[in-house]
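Model, not experiment: these values are computed from the prediction. Residue numbers count from 1 along this sequence.
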Amino acid sequence: MNSTLRIPLNASPEQVQRLQALQQGFAQVCNALAPLVQQTRIWNRVALHHLAYRQLREQFPEMGSQMVCNAIYSVSRTCRLVFQHPASPFHLTRLGDKPLPRLRFAPSCPVYFDRHTLSLKGGQLSMFTLDGRMRFQLALRPEDEAAFHASKLREIVLACRPDGVYVLSFFLVDPDEPAVASSPALPDGGEIPEYVMVEEVA
């Protein structure tokens, strides 16, 4: 069974600053990649990785190899949402022969993690930041931690709530389910997420 585990982080002011720096750095990588998508019309994750990974690693050495991969995933995922979702006003069929608009990611955009950049053991969370690993003690129910280890992780997302609290969301899928590419869903009303600005070419 698929499930989502959401964990608010009890972060100190210093930890919040580090999370904000990571979030802003992640957005910078996404924004460095967006013009390439606009020029090439390529947003398949694997193709985009081959096209841009080496250049992004050189441009953003502080992000680390795996976090660059996660930024590529984020851009690929967002492009599928903007250009392929039937409810999107920027669906490829609506654009026709017009140039692709450029996506711009706000500094508040969510950060995607994976098992290389975030780990959970014995109630302790260890996560990548720009200046080393940061650790949090989590008050997890045993069944939640068991689900984290037994299920397949589809996504781990760090986002900041309007009240300034950072929340980690773990999207877990049944390990027996066949692997299929998940299609990101548009929010109600077919609106593009507020952290993505779509800049149309005049």
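- Judged by distance alone, the side chain of His91 and the main-chain N or O of Gln84 form a donor-acceptor pair under 3.5 Å.
- Val111 has its side chain within reach of Phe113: a pair of non-hydrogen atoms, C-beta onward, lies under 4.5 Å apart.
- Take His50 and apply the side chain to side chain contact (heavy atoms under 4.5 Å, CB included) test, not counting sequence neighbours, and it matches Val46.
- A heavy-atom distance below 4.5 Å is found between the side chains of Leu103 and Cys79.
- Between the side chain of Ser126 and the backbone N or O of Arg135, no donor-acceptor pair lies under 3.5 Å.
- The structure places CG of Leu22 at 5.0 Å from CE of Met67, a figure rounded to the nearest 0.5 Å.
- In this structure the side chain of Leu9 never reaches within 4.5 angstrom of the side chain of Gln15, judged on heavy atoms.
- Side-chain atoms of Ile156 and Ser169, non-hydrogen and from C-beta on, never get closer than 4.5 Å to each other.
- Note that OG of Ser108 is 11.0 Å distant from CD of Gln20, once rounded to the nearest 0.5 Å.
- Scanning for ring-ring contact (aromatic ring centres under 6.0 Å, His included) contacts around Phe170 gives Phe148, with sequence neighbours left out.
- Here Arg102 pairs with Gln38 under the side chain to side chain donor-acceptor pair (under 3.5 Å) rule; sequence neighbours left out.
- Listed by chain and residue number, Arg18, Asp131 satisfy the side chain to side chain donor-acceptor pair (under 3.5 Å) test with Thr129 (two or more places apart in sequence, or in another chain).
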Open item on the list: Determine whether Arg6 and Phe171 satisfy the following criterion, side-chain contact (heavy atoms from CB on, under 4.5 Å), listing intermediate values before the conclusion.
Closed with: CA-CA 9 Å; Arg6 288 188 174 85; Phe171 298 93; 4.3 Å; yes
Open item on the list: Could you walk me through whether Val37 and Val75 satisfy the side-chain contact (heavy atoms from CB on, under 4.5 Å) test, starting with their C-alpha distance in whole Å, then the side-chain angles of each, then the deciding distance to 0.1 Å, before giving a yes or no?
Closed with: CA-CA 9 Å; Val37 171; Val75 172; 3.9 Å; yes
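- Taken from SG in Cys109 to CZ in Phe26, the straight-line distance is 6.0 Å, to the nearest 0.5 Å.
- Counting heavy atoms from C-beta on, the side chains of Ile7 and Phe136 never come closer than 4.5 Å.
- By the ring-ring contact (aromatic ring centres under 6.0 Å, His included) test, His49 is found to be paired with Tyr53, residues two or more places apart in sequence or in another chain being considered.
- At a threshold of 4.5 Å between side-chain heavy atoms, the hydrophobic network of Ile, Leu, Val, Met, Phe, Trp and Tyr places Leu36 and Leu95 in one connected group.
- Residues Asn31 and Arg104 have side chains in contact (heavy-atom distance under 4.5 Å, counting atoms from C-beta outward).
- Across all their heavy atoms, Ala27 and Ala106 have their closest contact at CB-O, 3.5 Å.
- A side-chain donor from one of Tyr166 and Gln23 sits under 3.5 Å from a side-chain acceptor of the other.
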Task: CA sep, side-chain torsions, deciding dist, call: Arg133, Ser119, side-chain contact (heavy atoms from CB on, under 4.5 Å) - done: CA-CA 10 Å; Arg133 286 259 167 178; Ser119 62; 4.1 Å; yes
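- Residue Glu143 qualifies as enclosed at atom CD: its count of foreign heavy atoms under 6.0 Å is above 12.
- Between the side chain of Arg57 and the backbone N or O of Met63, no donor-acceptor pair lies under 3.5 Å.
- Without hydrogens or angle criteria, Gln59 side chain to Leu56 main chain gives no donor-acceptor distance under 3.5 Å.
- Residues Val198 and Ile42 share a single hydrophobic cluster, defined by chaining ILVMFWY side chains whose heavy atoms lie under 4.5 Å apart.
- Atom CG of Leu118 is separated from atom CE of Met134 by 10.5 Å, given to the nearest 0.5 angstrom.
- No more than 12 heavy atoms of other residues, nucleotides or ligands sit less than 6.0 Å from atom CG of Asn10.
- Other residues, nucleotides and ligands contribute more than 12 heavy atoms inside 6.0 Å of the CZ atom of Arg41.
- A continuous path of Ile, Leu, Val, Met, Phe, Trp and Tyr side chains, each step under 4.5 Å between heavy atoms, connects Leu92 with Leu48, placing both in one hydrophobic cluster.
- When side chains are defined from C-beta on, Leu120 counts as touching Leu138, because their heavy atoms get closer than 4.5 Å.
- When side chains are defined from C-beta on, Val165 does not count as touching Val16, because their heavy atoms never get closer than 4.5 Å.
- Residues satisfying the ring-ring contact (aromatic ring centres under 6.0 Å, His included) test with Tyr112, not counting sequence neighbours, are Tyr73.
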TODO: With side-chain contact (heavy atoms from CB on, under 4.5 Å) as the test, would you mind laying out the steps for Met127 and Leu158 before giving the verdict?
DONE: CA-CA 10 Å; Met127 62 192 296; Leu158 175 75; 4.2 Å; yes
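- Put simply, CG on Leu168 and CG on Leu125 are 6.0 Å apart, with the number rounded to the nearest 0.5 Å.
- Nearest approach of Leu130 to Glu62, heavy atoms of both residues: CD2-O, 3.8 Å.
- Between Phe83 and Leu100, the closest heavy-atom pair is CE2-CD2, 4.0 Å.
- Within 6.0 Å of atom CG in Asp163, more than 12 heavy atoms from other residues, nucleotides or ligands are found, so the atom counts as buried in its surroundings.
- In this structure, CD in Gln24 is found 15.5 Å from CZ in Phe105, a value given to the nearest 0.5 Å.
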